[in-house]
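Quick caveat: nothing in here was measured; it's all calculated off a predicted structure. Convention: sequence-line order gives letters A, B, ...; per-chain numbering from 1. Every heavy atom of this structure was used, including side-chain atoms; hydrogens, water molecules and symmetry mates were not.
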Protein chains: 2
Amino acid sequence: MAIKTLKSILNQQFSYTINGKLWIECMGERFFGPGPVELLENINTTGSINKAAKEMNMSYKKAWAIINALNTNVAKPLVVMKSGGEKGGGSVITKEARQLITYHKKLRKRFIYFLEKETKKLNHLS
Amino acid sequence: MAIKTLKSILNQQFSYTINGKLWIECMGERFFGPGPVELLENINTTGSINKAAKEMNMSYKKAWAIINALNTNVAKPLVVMKSGGEKGGGSVITKEARQLITYHKKLRKRFIYFLEKETKKLNHLS
DNA sequence: TATCGTTATATCTTTGAAAATACAACGGAC
DNA sequence: GTCCGTTGTATTTTCAAAGATATAACGATA
């Protein structure tokens with residue numbers, strides 16, 4: 001089918017875009033996407049799951065669940081938590097977490113490029 | 001970052017895949033994806049929104065809302081409804097709907113290819 | 001005019017996920 | 001031993017989306 005025929009179907013007054021979501025699944029269930037990445041970065045900044053969650057208006061419970069899922073779905077933990085001790089404890093992200101984040105950023109870039117390419121194609125600007 | 005370093009992070013006992021969702025937005029809100037496509041195809045088969053909705057375990061209310069959104073987001077209607085008359089009425093999909101469906105199928109194929117390519121890359125089988 | 005199955009719309013009920021709340025456990029500093 | 005802020009976990013509450021229910025309107029047919 002030619003894109004040309006779509007031009008007469010779509011309303012030229014409106015703007016159309018191709019959009020989507022992307023994530024990494026482990027054993028069939030999603031466990032790594034933009035949310036976890038932002039959470040990891042906030043933990044890296046603040047040094048605690050608690051503060052990181054608050055920073056992004058997320059409940060501690062949900063944040064903990066995400067971190068827990070992350071750690072159980074990879075070979076080496078992405079976050080090491082410590083309860084008790086000076087300042088009551090805290091959490092730090094590992095080298096592995098940093099590597100996963102940079103991989104995800106590049107993957108995401110390729111996805112954004114795909115979306116933009118398809119949007120241009122839809123609006124036959126290419 | 002080299003994919004190679006990821007190999008030591010991921011658990012080799014588990015299987016990882018890149019997955020996602022894709023849709024078309026009009027004026028910033030999603031209005032066309034796999035759901036509407038299935039609904040349109042069911043209307044085409046059954047000749048009625050009612051039967052089409054039942055076929056896919058969807059409430060008539062929701063089906064009607066989808067169809068209504070579709071029709072208001074394009075230049076020419078995708079579904080023409082008729083209430084009353086022989087058999088009480090019914091609905092048919094237009095040529096434009098068929099064209100949008102085939103466009104969507106091809107778009108979806110390209111997306112699936114993207115996902116498979118990225119999954120292979122992640123598992124460094126390529 | 002009565003019948004039929006559909007479209008169209010309003011209202012009430014359910015229910016399931018997210019948020020809020022509460023509290024125990026931890027362990028270093030003092 | 002007490003204090004602190006964090007992690008860890010259970011329980012309760014909220015709320016919005018989905019579903020169920022009810023009913024009017026439609027128009028060809030007979």
Measure the distance from NZ on B:K54 to P on C:dG5 and round it to the nearest whole Å. 11 Å
To the nearest Å, give me how far apart CD1 (A:I66) and P (C:dA18) are. 10 Å
Atom-pair distance (CG on A:N68; P on D:dT7), nearest Å: 13 Å
Over how many whole Å does the gap from B:I49 atom CD1 to C:dG5 atom P extend? 18 Å
B:K87 NZ to D:dA30 C1', in whole Å, measures 17 Å
Would you say A:Q12 has more than 12 foreign heavy atoms packed within less than 6.0 Å of its CD? yes
Tell me: CG of B:N50 to C1' of C:dT9, nearest whole Å? 14 Å
Could you walk me through whether B:K109 and A:E118 pass the salt bridge (Lys or Arg N to Asp or Glu O under 4.0 Å) test, one step at a time? CA-CA 12 Å; B:K109 255 190 179 175; A:E118 288 294 345; over 6 Å; no
Compare side-chain N and O positions of A:W64 against OP1 and OP2 of D:dG8 and report whether any pair is under 4.0 Å apart. yes
5′-ward residue of the pair A:E86/B:S91 relative to DNA chain C: B:S91
Interatomic distance, A:Y60 OH vs D:dG5 C1' [rounded to whole Å]: 11 Å
Let me know the distance between CD1 of A:I43 and P of D:dT6, rounded to the nearest Å. 13 Å
Between B:H104 and B:P34, is there a side-chain heavy-atom distance shorter than 4.5 Å? yes
Measure the acute angle between the ring planes of B:F114 and B:F111, then classify it against the limits of 30° and 60° as parallel, tilted or perpendicular. parallel
Please work out if A:K61 contacts a base, only the sugar-phosphate, or nothing of the nucleic acid, heavy-atom cut-off 4.0 Å. base
Take A:K82 and A:M58, find for each the nucleotide of DNA chain C with the closest heavy atom, and name the residue whose nucleotide sits nearer the 5' end. A:M58
Mapping A:K51 and B:G85 to their closest nucleotides on DNA chain D, which lands nearer the 5' end? A:K51
